[in-house]
Structure formats: C-alpha cells, structure tokens
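First comes the structure, then the notes that go with it.
Positions are given from 1 along the sequence. Just so you know, these numbers use all the heavy atoms, side chains as well, and skip hydrogens, waters and symmetry mates.
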Amino acid sequence: MTNAAQTFPTRAGTYVLILRLDADHMLPIGRLGTFTLRAGWYTYVGSAFGGGGLAGRLKHHLMPAPRPHWHIDYLRAAAPVIAVWWIADEHPYEHEWAAALQRSPGATIPIPRFGASDCRCPAHLFHFPAS
C-alpha cells in the first residue's frame, strides 16, 4: 500500500493511515518529546483541505520525509504505512473519526496531543496491540 504513485483525488478529504511497528521503539517526536512506542498497529487520522487535496497530502505521507514536518512524519520513519483509508468530501470527518477510533476496543492513546495540536481532540494517533 505504500506505493506513492497510487492515484488519489485532488479534492479535499479526510484520511486514516494504518501503520505497523514490529518492535518496541524509542522515538523522538519533534517538540512533543521522546516516547517509547509499543509494537503493534497505529492509526493516524488527518485531513487534507489545503492545496493538492488528498493527492498532495497522501503523496507526502507515502514518501520518506527527509525533514519531518508533522508529528506523523517522525512515526513513519519507524513504522511503515500499510494501508490508507480515505474519503473525498468537503466535510471534515477528522475529529469524528478520531473519536470513533478512540472508542474502539483495545485502542489506547500512545502520545497525548499527537496530531491534535490545532484542535481539542486528545490525540489523532491510536495504538492497537499486535495479535
């Protein structure tokens, strides 16, 4: 799924990145600090309402980030993107989807405020144990 050449719409939308971390990993996340992340599955919820829409944002997320810009860029260096779920829609589903993932069985917030520095959500990153 990490094929950056995949075609995504240039329209605005909301997406979820599914990442896999195979072993526990100590990882610096910009100004948030350094965290020990547990092995397992991670979901990251984001939105693409700027220039380029989903195509521009997801192209960024599926390519290596030589200079991390967003919190997720730091995690992507250790955990590859396995799948992308997205919807092209002018309605921002980002906060609704983050709330739904937080309520999911087994979900935990590994890093408070990760990806949510510009909203009131506790986080936009959720961990699910490997099974």
Checklist line | Audit row: Phe126, Ile109, side-chain contact (heavy atoms from CB on, under 4.5 Å) steps and yes/no | finding: CA-CA 5 Å; Phe126 305 94; Ile109 295 175; 3.8 Å; yes
Item checked: Residues Trp86, Phe8; criterion side-chain contact (heavy atoms from CB on, under 4.5 Å); working and verdict -> CA-CA 9 Å; Trp86 57 270; Phe8 296 105; 3.5 Å; yes
Next item on the list: Apply side-chain contact (heavy atoms from CB on, under 4.5 Å) to the pair Asp73 and His61, showing each step before the final yes or no.
Entry: CA-CA 7 Å; Asp73 293 340; His61 288 326; 4.1 Å; yes
Item checked: Stepwise side-chain contact (heavy atoms from CB on, under 4.5 Å) test for Tyr44 and Val16 -> CA-CA 5 Å; Tyr44 172 77; Val16 177; over 6 Å; no
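Side-chain contact between Glu94 and Tyr15 is absent, with no heavy-atom pair separated by less than 4.5 Å. Contact check for Trp97 versus His95: no side-chain heavy atoms found under the 4.5 Å cut-off. Residues Phe128 and Thr108 have side chains not in contact (no heavy-atom distance under 4.5 Å, counting atoms from C-beta outward). In this structure, Arg38 and His25 have side chains that are not in contact, with every pair of non-hydrogen atoms separated by 4.5 Å or more. By the 4.5 Å heavy-atom criterion applied to side chains, Thr43 and Leu19 are not counted as neighbours. Residues Val81 and Arg76 are in side-chain contact: their nearest non-hydrogen atoms beyond the backbone lie under 4.5 Å apart.
Under a 3.5 Å cut-off, the side chain of Asp24 and the backbone N or O of Ala39 do form a donor-acceptor pair. Remark: side-chain polar atoms of His71 are paired, donor with acceptor, to backbone N or O of Gly115 under 3.5 angstrom. Under the 3.5 Å distance criterion, the side-chain polar atoms of Arg20 are left unmatched by any main-chain donor or acceptor of Pro80. Between the side chain of Ser117 and the main chain of Arg113, no donor-acceptor pair closer than 3.5 Å is present.
Glu96 CD to Thr14 OG1: the interatomic distance, rounded to the nearest 0.5 Å, is 8.5 Å. Here NZ of Lys59 is found 14.5 Å from CG of Leu54. Values are rounded to the nearest 0.5 Å. Separating the OH atom in Tyr42 from the CD1 atom in Ile111 is a distance of 7.5 Å, to the nearest 0.5 Å. From Phe114, atom CZ reaches atom OH of Tyr74 across 10.0 Å, with rounding to the nearest 0.5 Å. Residue His124 holds its NE2 atom at 8.0 Å from OG of Ser47, rounded to the nearest 0.5 Å. One distance of note links CD1 of Ile72 with CG of Leu17; it measures 5.5 Å at 0.5 Å rounding.
Arg57 forms a cation-pi arrangement with Trp70, by the criterion of a distance under 6.0 Å to the ring centre and an angle within 45° of the ring axis.
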